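Structure record follows, encoded as structure tokens.
Chain letters run A, B, ... following the sequence lines, proteins first and then strands; every chain starts at 1. Everything numeric in this text was worked out from a predicted model, so none of it was measured.
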2 protein chains.
Amino acid sequence: MAQLIADRRDVDFVLHEQIGMVDHESFDEFNKKTIDLIVSEARNLAIKEILPTFKDGDEIGCKLENGKVTVPESFKRAWNLYCEGEWLAMCDDPEVGGQGMPKLVGCAALEYMVGANSAFMLYYGMTHGAAKLVEAFGTEDQKKRYMKKMFAGVWGGTMLLTESEAGSDVGALTTTATKKADGTYSIQGSKIFISAGDHDLCENIIHPVLARIDGAPAGTRGISLFLVPKYHVNDDGNLGDFNNIVCTGLEHKMGIHGNATASLSLGEKGECIGTLLGEENKGMAAMFRMMNEARAFVGMQGFAVASAAYMYALDYSRNRVQGKYLLAGKDPAAKNVTIIRHPDVKRQLLNMKVYTEGMRSLIYYYGKCSDIVRITDDERLRADTSALIEVLTPVVKGYVTDKALEVCSHGVQVYGGYGYISEYPVEQLMRDSRIFMIYEGTNGIQAMDLIGRKLGMNKGKSFKYFIDQMRKTIEEAKAIEGIEALVEKVDHAVSRLEALAQKIGQRARSEKVLNAYAFAHPFLEVTGDVTFAWMHLWRASVAAPRLVEKVGSLEKKAVAAKAEKNKDAAFYAGQIESARFFIHTLLPAAYGKMDAILEGDSCVEDILDVSFGSK
Amino acid sequence: MAQLIADRRDVDFVLHEQIGMVDHESFDEFNKKTIDLIVSEARNLAIKEILPTFKDGDEIGCKLENGKVTVPESFKRAWNLYCEGEWLAMCDDPEVGGQGMPKLVGCAALEYMVGANSAFMLYYGMTHGAAKLVEAFGTEDQKKRYMKKMFAGVWGGTMLLTESEAGSDVGALTTTATKKADGTYSIQGSKIFISAGDHDLCENIIHPVLARIDGAPAGTRGISLFLVPKYHVNDDGNLGDFNNIVCTGLEHKMGIHGNATASLSLGEKGECIGTLLGEENKGMAAMFRMMNEARAFVGMQGFAVASAAYMYALDYSRNRVQGKYLLAGKDPAAKNVTIIRHPDVKRQLLNMKVYTEGMRSLIYYYGKCSDIVRITDDERLRADTSALIEVLTPVVKGYVTDKALEVCSHGVQVYGGYGYISEYPVEQLMRDSRIFMIYEGTNGIQAMDLIGRKLGMNKGKSFKYFIDQMRKTIEEAKAIEGIEALVEKVDHAVSRLEALAQKIGQRARSEKVLNAYAFAHPFLEVTGDVTFAWMHLWRASVAAPRLVEKVGSLEKKAVAAKAEKNKDAAFYAGQIESARFFIHTLLPAAYGKMDAILEGDSCVEDILDVSFGSK
């Protein structure tokens, strides 16, 4: 049977051979066997229970009828099984009801589940993020009242930031909070684009809401965070009255129809009461603490959907017979072949393969970094790794989701006309994937974050630490036979990126700041390109010696002969090919882009509004 | 009011200032005033009558009920007005009922109409293509019976090539034609993915059908073309019996819902009769004669949809207020600004602008080439220009539609979250645009056509002629003050493309043919990049002297001051900015891609099927 959603061999490779677990006693119980079991369980749940909801999500979608929002019926069984399996808090502390699993392992589990239905797993994402807010900033009472039920998925969570005039500019929001005599707040306002904003998967939904306390300063400095339940929760834990959060509409979207994107009105026809979460006017700071996790989860969505598209396209190309082999020439006796044998299809599949693999390595690596920050006893390492996470976040969110759309689009193309119709899954995957470039901060915002905040963090030392990690891999790879050309090229790429980062960092601090921001997205793109080159070199440096072990040499014919019979040899050979394709064939375009960024033509700053076209 | 669909000033610039009409007596009646009237009429029809059908097409779509296919009701009025205006055959000979308009002018008219609703205009495209087949290959009887009604849009047309096992590989088709005693043929088979395959816009549909006559050779050499009406047409021109072409299903697609993509069964429950169109076993040759026009029309679709997306995004960015101006720093008194002032949004708009403009210049230029071939008295010029059309076709179809998706995706991004919901038009435009990369030969097929057929055509002289046309523009631009840097860069780009074309052409004829084809699509991409650089240099070389005329110099401040008050100055300044952005900022990436093609790493050929992932 064809592999679905993800290539398990590659998942295992990244988990055990490339990235590897943090070596720490608190992870002792997570030996290879345990991890394998966890990943297999997650895969089973994903394929048997979540994947069957994929089409329902798209075709039935969410409905708002008589004030009630419903999800497709099949979502409920999948949600219950997902919660019963205690997956929602798999990586959280046992204290809050979690399983304490390493994030690295969590990545593998999530990859399968998100790849099965990203719209469905957004209910998890929103609930988990909201629960983490309660864990981080909640009072004892708030925790007791809400937290465990959220981590268990009994109650859902959301995040109410966006308003119609406050999207990327959160500080413009107008929702108000008026303090009452009992210390609670009366909330009034309208929020839009609320993912998982209302639904019938859970009996209650706990909304973290950004609002401005009466008299608070304008802009982001006057924003506070509140916890506002859909139904009040009594002291005994039972549900009380409706809290006047009304769903006023659901958006009709290009994709992720299975997730309810709601407009919510708070306190319009009856009082809506919330409690302060964290400190007054510190709402933005609280949001920022959760932002890396939220953005990384969007990167995960892009990655998982791309991986699924790759698996489908690969399987299709191995079964679809169309046209003769190019080298058959005009031989009338030549039989038609499967399309994977056509060079242009192979090129597209390789494209999909190398981006999917780059994403997997980067995202798992990011997961491991989170593990290090959580458990290491080495303070210096913790600080460095925290900073590394900051630098990597825009790449994980922005670059990965940009490329995810491209991978899905390749998937459509490999299917040809069939790719455009909803009978095949790639059509939906491509539509679903388009939102990832937008929500949790558009990719333009990510690019500005990289240039404006991350490059200069700790006086540039954080970015330098990121460069150093790449250099470490390069140094280690120098000892490996057979990958010399790859090492040399990646070494060059990293040096060019480092030099470019200094230039554009200077530009961002100079009077040419507009120019720096005009090249923010191209800079994010080349940073991502070099990061993926790094990941592929790392993969190749692990794979090459193992391939030699299996085959006896790296000689082409010997490798091919062995690979046809031996799955490991085939896999390792595929790793070298991926690295070659990415580094020799795709990476050179990044140099052209770097040249353009370096030159920094001022066209974007110079062009006048009127010159874009008459009004 | 904001401009819709296309920037009229740019349309006029390309028509009259950049490309210009072929100087020939048969076009004498098409002076500037007449052309302006035609374009204004087309724009009116597009905006007032076709654009209102855009959403209906998507939301209501086509329906198959009780064996009947219906289009949205609003399509009918628009179709009737479109036909009454005699737009369908606007560029065809008066003899066949056409208006004899230059194709160059037709481009401008089509751009508005296709940009208003590409799914709707596909009914035109299919009908026109079928009518041209009848015109080119029909007997007197066939012409008399069908042609004029098709050119008038009273009857529709289609093209029945694809079968479930014969897509890109047309030669694999299995539909049969059995000769009857009266010389007609009994047709049997099933066709899929038939655009405009069945509908209620017209009382009859005339299907050109590819089928194999009993006993004909296998593959493409045994394919014949037939004319098969939905309803028989009696000698008196009235409709006769149903011809047993049954619509068995409509595809559910990502986009272009307004066009019926039908599965058709021929002769299954009753005889289906067709007449031979052209010669026996020469069906593929006939198709090939129509192919350039069909492919150019797909390029037009990509372009027009991209242009519409740009107009919408530009208008949105001028009205949407969000966030403070970057240079306002932390000034709390600073007001929020329209998003067009943010560098990252401007960068995206410039991206959309330069690709849309490049498309417009290229497609209009292609239209002019068609005019030359049709009317020139210079045989040598006709032959050269015919060959140039062959070389340009894969760029017009492949490169333009690849970039059209990107432009639409930028459009979605400029709108942010609003871009993803169907309340705004860019969401639909992006979905609609995705098919253009697939139908009429996937863009992979286009790339192979460029490498495999066009590069070597006339021993490479055709491609050389294409290069020469670029050089001519470069030479002329050398005389223009103020664009020296642009000239130098495009000169370099053209030289690099020429050298690369020689190398990859050689490779395609060597034992490294697989390698050449593995780089076919990247080669198409850089060919398109350089073509667009050429078009932008051409534009700048026209605009620069006119800007000097308006302003007195090209000095930045003087230009800006004048441009704020004078629309022409603003437009010409925008042309220089476009050229700068494309040539300085986007073109460098093409050099990196060229380096990779030159290096020609053999990874695509080398990787084994098993190394893509286990089965």
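For B:Leu349, the parts lying under 4.5 angstrom from a heavy atom of chain A are both the backbone and the side chain. Looking at B:Met352, neither its backbone nor its side chain comes within 4.5 Å of chain A, counting heavy atoms on both sides. Residue contact with chain A, scored on non-hydrogen atoms closer than 4.5 Å, is absent for B:Tyr572. Only the side chain of B:Arg320 comes within contact range of chain A, judged by heavy atoms closer than 4.5 Å. Neither the backbone nor the side chain of A:Arg341 comes within less than 4.5 Å of any heavy atom of chain B. Contact of A:Ile340 with chain B is made through the side chain alone, with heavy-atom distances under 4.5 Å.
The nearest pair of heavy atoms linking A:Gly417 to B:Ile438 is N-CG2, 3.4 Å. Residues A:Ile256 and B:Tyr420 share a closest heavy-atom pair of N-OH, 3.6 Å. Nearest heavy atoms, B:Ser409 versus A:Leu405: OG-CD2, 3.6 Å. Across A:Ser611 and B:Lys353, no two heavy atoms sit closer than the pair O-CE, 3.2 Å.
Per-residue heavy-atom pair counts under 4.5 Å with chain B were compared for A:Pro588, A:Cys603, A:Gly452, and the maximum is reached by A:Cys603. The candidate with the highest count of non-hydrogen atom pairs below 4.5 Å against chain A, out of B:Thr585, B:Thr442, B:Leu326, B:Asp595, is B:Leu326. Among A:Glu165, A:His584, A:Lys253, the residue with the largest count of heavy-atom pairs under 4.5 Å with chain B is A:His584. Most heavy-atom pairs under 4.5 Å with chain B: of the set A:Leu608, A:Leu350, A:Asp7, this distinction falls to A:Leu350. Top candidate by heavy-atom pairs under 4.5 Å with chain B, chosen from A:Ala447, A:Pro217, A:Gly171, A:Gly574, is A:Gly574.
No donor-acceptor pair closer than 3.5 Å links the side chain of A:Tyr517 to the backbone N or O of B:His342. Without hydrogens or angle criteria, A:Ser422 side chain to B:His252 main chain gives a donor-acceptor distance under 3.5 Å.
With a 4.5 Å cut-off on side-chain heavy atoms, A:Arg580 and B:Asp606 count as touching. Under the 4.5 Å side-chain criterion, counting only non-hydrogen atoms from C-beta, A:Gln3 is in contact with B:Ser614. For the pair B:Tyr591 and A:Tyr591, the minimum side-chain heavy-atom distance is 4.5 Å or more. Side-chain contact between A:Glu605 and B:Lys346: absent, with no pair of heavy atoms (C-beta onward) separated by less than 4.5 Å. Side-chain contact between A:Phe581 and B:Asp601 is absent, with no heavy atoms from C-beta onward closer than 4.5 Å.
Note that CD of A:Gln446 is 11.0 Å distant from CG of B:Asp344, once rounded to the nearest 0.5 Å. Atom CG of A:Asp609 is separated from atom CD of B:Glu564 by 8.0 Å, given to the nearest 0.5 angstrom. With rounding to the nearest 0.5 Å, the separation of CG in A:Leu327 from CG in B:Leu514 is 4.0 Å.
Proximity of the aromatic rings of B:Phe612 and A:Tyr310 is defined here by a centroid distance below 6.0 angstrom, and this criterion is not met.
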